[in-house]
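Below: the structure, in structure tokens.
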Amino acid sequence: MNRIIGSRTPIDDALAKATGETTYTADIKLANMCFGKLILSTIAFGKVKSINYSEALKIKGVIDVLTYKDFPSTKYNSALRFKGHGILKTETVLSEDVRFVGDRIGIVIAESLEIAEKALKLIEVEYEEFKPIIDEEAAASSNVQLHEGLDNKVGTISTGSDADKVTELINKADFVFEDKIKIPMVNHVSIETFSVIGDYKSKKVTVYASTQNTFAVRVLISDVYNLPLNKIKVIQPTLGGSFGGKLEVVTELVAVGAAMKVNRPVKIVLSRKESMIASRTRNGATIKVKSGVNKDGTILATDFRILTNTGGYVGSGMNVIGAMSHKLLKAYKYPLRYTGSPVVTNTPIAGAMRGYGSPQAFLGMNIHVNKIAMALGIDPIELNMKNIVDKNEVDILSFGNPELKECVIKGKEMFDWDQKKKDTTEYNKQNNGYIRGIGFGIGAHGAGVYPAHQDCINLLLRLNEDGTFNYWSASHDMGNGSLTAQKIIISEVLTTDVIDIESTEVNTETCPWNLGDYASRGVFVEGEGAYKLAEAMKSLILETAVLKFKVNKEALSIKDKKVWLDDTELGSFGDIAMYAQTTLQKELSVLIDHHSIAGRTSYGAHFAEVEVDKSTGDVKVIDYVAVHDAGTVINRHGIEGQLEGGIQMGIGYALSEKMTFDEKGNLLENNLKKYRIYKANEMPRVRVDFIENGDNGGPFGAKSISECATVPSAQTIINAVANAIGEQTTIIPINKEEVLNIINK
Amino acid sequence: MKLMLNMTINNEKISVEIEPDSRLLDVLRDDLGLLGTKEGCGVGECGACTVIIDGKTANSCVTLAASMEGCDIKTIEYLSKNGKLHPMQKSFIDNSALQCGFCTPGFVLSGVNLLERNPNPTEEEIKEGISGNICRCTGYEQIVKAVEDVRDEKYIKDGACDE
């Protein structure tokens with residue numbers, strides 16, 4: 001019986017967040033600090049011919065205007081993860097060649113942001129303009145190379161069953177179903193926009209950045225500015241949300257270069273519009289999927305093809321395609337072939353966003369499978385159950401004990417699917433201007449990056465003289481509670497409470513090395529590291545107790561932060577620490593390394609009821625259930641919060657969120673009035689639960705939730721709408737005109 | 001050409017020199033060092049900049065500071081001003097109604113102000129009352145529960161500052 005694992009624990013820094021005392025990057029003031037405002041391209045494709053900033057320099061308080069001419073032209077890839085990472089380098093800190101509206105060409109530096117903004121308005125840029133390509137299909141088939149020497153369709157990854165086998169099986173089936181699905185680019189909309197402060201003093205760089213990836217930022221600064229790694233300090237103050245949007249280097253390199261030029265710290269805080277166009281987005285995609293299905297609903301094979309819109313630069317384009325490539329294979333048990341390619345276009349750079357390809361892949365697949373179910377007149381849950389992975393059929397080592405079917409069964413019951421089916425049919429007979437429908441969707445995502453590349457964390461724990469602990473973990477908690485989960489795990493082993501363990505901000509100079517926080521590794525990898533760390537500390541405490549109390553180690557145990565000999569309390573952790581300091585003359589500290597030797601897959605099944613207004617085509621979500629297999633629940637508060645938040649993102653993905661562009665590449669939804677995020681009064685009642693079975697190789701059997709949370713969501717809503725109106729819609733997000741057209745047919 | 005602005009902030013009379021086109025948000029953060037109020041969108045949509053002006057919540061990013069002459073303003077710092085947590089803050093913590101925390105000051109103030117105006121709201125009224133604030137982390141479930149617990153008097157005031 002676990003003491004703290006699985007109970008409800010608020011996030012470890014909740015107090016400071018509730019009082020407004022938490023320091024985020026934009027809150028930091030350094031002595032003699034000045035402010036940078038980016039000069040961003042106003043065209044989508046072309047070359048800068050001239051930048052005239054003489055008028056801007058005349059404004060009082062303007063310190064300097066810098067352009068691409070003042071910065072290194074070293075090419076890099078902002079998605080670099082570690083030193084030596086071999087990914088295609090197409091980006092520069094500032095550019096003369098512009099690839100999208102929002103590409104960086106310069107920076108105004110001034111005594112205040114207001115002065116910098118005023119100066120920006122006086123800067124005149126002349127461009128040589130080329131015709132931009134906005135859509136991935138158009139770019140893939142175009143003869144115009146958007147990057148010299150690079151195909152617009154950057155590369156292709158194919159995995160899964162043999163192509164000939166899949167074709168043969170499709171042709172053998174009773175029916176062939178084919179769908180084309182287009183998914184828009186969307187945005188993280190973390191409430192904190194990307195912020196950075198760069199400082200350069202005595203040949204040393206200090207960067208404060210809202211980033212999930214401090215050690216990778218350090219490598220990129222070193223590579224671009226030719227500095228040794230130990231002269232670069234990258235600090236992550238508290239992150240105001242990220243969801244992958246602050247994973248890749250955005251403006252850190254600009255801030256560093258600017259600080260070097262003006263010899264003062266430079267702060268760059270992106271506005272919301274800048275954050276939408278000049279940081280990162282989620283890849284839009286065009287999916288073509290074809291399946292051979294027998295009349296009983298058994299799918300014989302699927303050929304799944306996807307082009308992603310990776311935006312103006314390649315960035316992590318190939319990585320997203322690669323990560324996506326095995327995810328469908330973890331959820332569907334029949335022969336499936338995946339072929340994916342990232343395509344560069346003249347739109348904002350796509351990067352990591354919660355799910356890293358899984359949302360698009362599962363959205364496309366679930367819509368396709370739902371259409372099959374509707375065509376064959378088979379209940380979609382029944383049809384899915386014939387085709388999704390079983391617990392025992394798959395290779396335990398790489399899948400991690402999939403409980404997908406258990407999620408479906410439990411969720412179906414919680415949602416009362418069979419009864420709701422009857423109820424919605426009855427409701428719709430009333431003909432009162434609204435129609436209701438129910439829908440279902442599944443999804444999966446991994447935990448850690450194994451086996452793609454190194455996946456390790458190094459952790460340090462120190463016992464203080466009073467029995468409290470200090471903990472150094474370069475876990476870039478972004479509100480997802482990864483650090484809290486690690487403290488819970490440590491507490492379970494050491495019989496402490498979360499409050500007894502104090503951690504620092506992530507700082508590359510004080511924290512041992514960690515890969516960045518992505519691929520949902522906060523619990524599965526980092527948490528397992530925390531477990532090892534705690535076990536090592538427990539051993540050390542007991543070994544020290546042996547020396548102090550002269551007893552056998554085997555007879556000792558720990559409980560309530562004390563060391564015990566059977567039922568006799570020998571001393572507190574504080575007593576042990578004092579003994580170590582005064583008598584042994586050492587501090588009790590442990591430093592461990594841990595790396596992931598296996599990936600695991602987490603699963604989810606979502607269920608929704610929607611109500612469609614027959615006169616306007618508006619869709620309201622009126623009920624929602626989600627059941628996930630994330631292995632053991634470490635923090636019940638945290639995991640529920642993550643899942644509920646992921647659902648909000650998925651509902652937006654289905655019903656309101658999109659980044660669309662005019663033919664000149666200007667973003668139409670360029671502020672939060674136009675880019676529609678779901679608010680509290682639009683959210684349905686959401687009920688969540690978890691399947692906790694089996695040993696999964698993570699700490700106490702835990703897997704992951706943070707990305708998987710959102711993967712099943714959008715398709716659940718879209719499928720519910722299809723059920724309500726009797727036909728699957730084709731436009732994403734749901735388009736009211738299309739809904740009305742279908743209703744009125 | 002600067003202006004002298006006189007207002008009451010967190011029960012203290014303040015006089016500060018401002019530019020005529022300053023936003024209230026910038027005066028709070030840059031001139032008065034009250035960093036708990038955040039900027040999330042700049043267009044009055046996300047509510048991260050929520051403050052209470054003369055008893056009503058408002059978005060300080062679209063409020064002209066110059067129009068605040070003589071006004072009574074409360075920021076998140078007010079609630080724990082005397083060193084104790086407001087029930088709404090305790091409830092947010094206990095219910096885990098916060099993750100990254102960036103929207104939290106705005107939501108806490110919206111929750112406090114809602115219960116001032118309507119001490120017994122239904123779940124729907126709570127959701128309506130906090131729909132001037134956007135959260136991207138929580139999906140709102142735990143936030144609604146946090147407000148409900150304060151409505152249901154699960155926390156005693158214990159000498160904390162109140163609106």
To the nearest 0.5 Å, atom CD1 of B:Ile93 lies from atom NZ of A:Lys17 at 11.5 Å
Could you go through the side-chain contact (heavy atoms from CB on, under 4.5 Å) check for B:Val144 and A:Met683 one step at a time?
CA-CA 11 Å; B:Val144 171; A:Met683 286 291 289; over 6 Å; no
The interface call for B:Glu39 against chain A, heavy-atom contacts under 4.5 Å, is backbone
Look up atom CZ in A:Arg676 and atom CD in B:Glu45, then write down how far apart they are to the nearest 0.5 Å.
9.0 Å
Enter the distance from A:Thr19:OG1 to B:His86:NE2 here, rounded to the nearest 0.5 Å.
13.5 Å
Closest-packed option against chain B by number of heavy-atom pairs under 4.5 Å, given A:His637, A:Arg272, A:Glu682, A:Gln648
A:His637
Rounded to the nearest 0.5 Å, the SG atom of B:Cys137 sits from the CE atom of A:Met649 at a distance of 7.5 Å
Would you list the pairs meeting salt bridge (Lys or Arg N to Asp or Glu O under 4.0 Å) in which at least one residue belongs to residues 639-651 of chain A, sequence neighbours left out?
A:Arg8-A:Glu640, A:Arg636-A:Glu640
Proximal component of B:Asp94, with respect to chain A [non-hydrogen, under 4.5 Å]:
backbone
Any salt bridge between B:Glu19 and A:Lys118, counting N to O under 4.0 Å?
no
For the interface with chain B, which of A:Lys273, A:His188, A:Arg685 has the highest count of heavy-atom pairs at distances below 4.5 Å?
A:His188
Rounded at 0.5 Å granularity, tell me how far SG in B:Cys46 sits from NZ in A:Lys673.
10.0 Å
Here the gap from A:Asn671 atom CG to B:Cys41 atom SG, rounded to the nearest 0.5 Å, amounts to 8.0 Å
With only heavy atoms counted, which part of B:Thr138 is less than 4.5 Å from chain A, the side chain, the backbone, both or neither?
backbone
With a 4.5 angstrom heavy-atom cut-off, which part of B:Asp21 approaches chain A: side chain, backbone, both or neither?
side chain
Under the rule for side chain to side chain contact (heavy atoms under 4.5 Å, CB included), what residues qualify as partners of A:Asn681, not counting sequence neighbours?
A:Lys679, B:Lys127, B:Glu128, B:Ser131
Top of A:Ala26, A:Gly652, A:Ser242, A:Ala18 for chain B proximity - count of heavy-atom pairs under 4.5 angstrom
A:Ala18
For chain A, which residues from residues 29-38 of chain B have at least one heavy atom closer than 4.5 Å to it?
B:Arg29, B:Asp30, B:Leu35, B:Gly36, B:Lys38
With sequence neighbours left out, write down each residue that passes side-chain hydrogen bond (donor to acceptor under 3.5 Å, both in side chains) with B:Arg117, or none if nothing qualifies.
B:Asn113
Need one label for B:Phe102: side chain, backbone, both or neither, based on atoms under 4.5 Å from any heavy atom in chain A.
both
